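Counting begins at 1 with the first residue of the sequence. Treat the numbers as computed from the prediction; the structure is a model and nothing was measured.
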Amino acid sequence: MKKFFLSIAGGLALGLILSFSFMDYESSWTHHIQRAGVDQVVEEMDFEFVFIASLLVLGISALIFLVWSFVEKKKDEKFIRDFENDKKRDN
C-alpha cells in the first residue's frame with residue numbers, strides 16, 4: 001500500500017511540475033461590461049491542459065510503480081540466489 005501511495009504522490013508532484021513547465025497553460029477569461037448592471041469577469045479552466053496533465057500524472061505514477069516493483073523483484077531474486085549459494089557452500 002505504501003508503494004502505491006508514494007508512486008501516486010511522486011507522479012502527482014513530477015507530473016504537475018513537468019506539465020506547468022513544458023506545456024502552455026492559458027487561462028481563458030471573458031470580461032462582461034455592464035451586464036445586469038455590474039462588470040463581470042468570468043474565468044474558465046483550460047480543459048485540454050487539465051486532461052493532458054492528468055494523463056501525464058497517471059503515466060508517471062504507473063512508471064514509478066512499475067520501476068519500483070521491478071527493483072524489488074530483482075532484490076528478492078538476488079537475495080534468494082545468494083542464500084542458495086551460501087547454503088550450497090555450507091554443505
How many angstroms lie between CH2 in W68 and CG in L63, if you round to the nearest 0.5 Å? 13.5 Å

What heavy-atom pair brings M23 and A53 nearest, and what distance separates the two atoms? CE-N, 4.2 Å

Could you walk me through whether I64 and L14 satisfy the side-chain contact (heavy atoms from CB on, under 4.5 Å) test, starting with their C-alpha distance in whole Å, then the side-chain angles of each, then the deciding distance to 0.1 Å, before giving a yes or no? CA-CA 10 Å; I64 290 172; L14 286 173; 4.3 Å; yes

Atom OG in S7, atom CG in L12: separation rounded to 0.5 Å? 11.0 Å

Got a salt bridge between K74 and E77, using NZ or NE/NH1/NH2 to carboxylate O under 4.0 Å? yes

Rounded to the nearest 0.5 angstrom, the OG-CZ distance for S19 and F49 is 4.0 Å

Tell me, yes or no, whether the heavy-atom count around E48 atom CD, taken from other residues, nucleotides or ligands under 6.0 Å, exceeds 12. no

Centroid-centroid under 6.0 Å between F65 and F70 rings: no

Straight-line distance of N85 CG to K78 NZ, nearest 0.5 Å: 10.0 Å

Joint hydrophobic cluster, F22 plus I60, side-chain heavy atoms closer than 4.5 Å: yes

To the nearest 0.5 angstrom, please state how far the CZ atom of F51 sits from the CG atom of L56. 12.0 Å

With clusters defined by side-chain heavy atoms of hydrophobic residues (ILVMFWY) lying less than 4.5 Å apart, directly or transitively, does I8 cluster with M1? yes

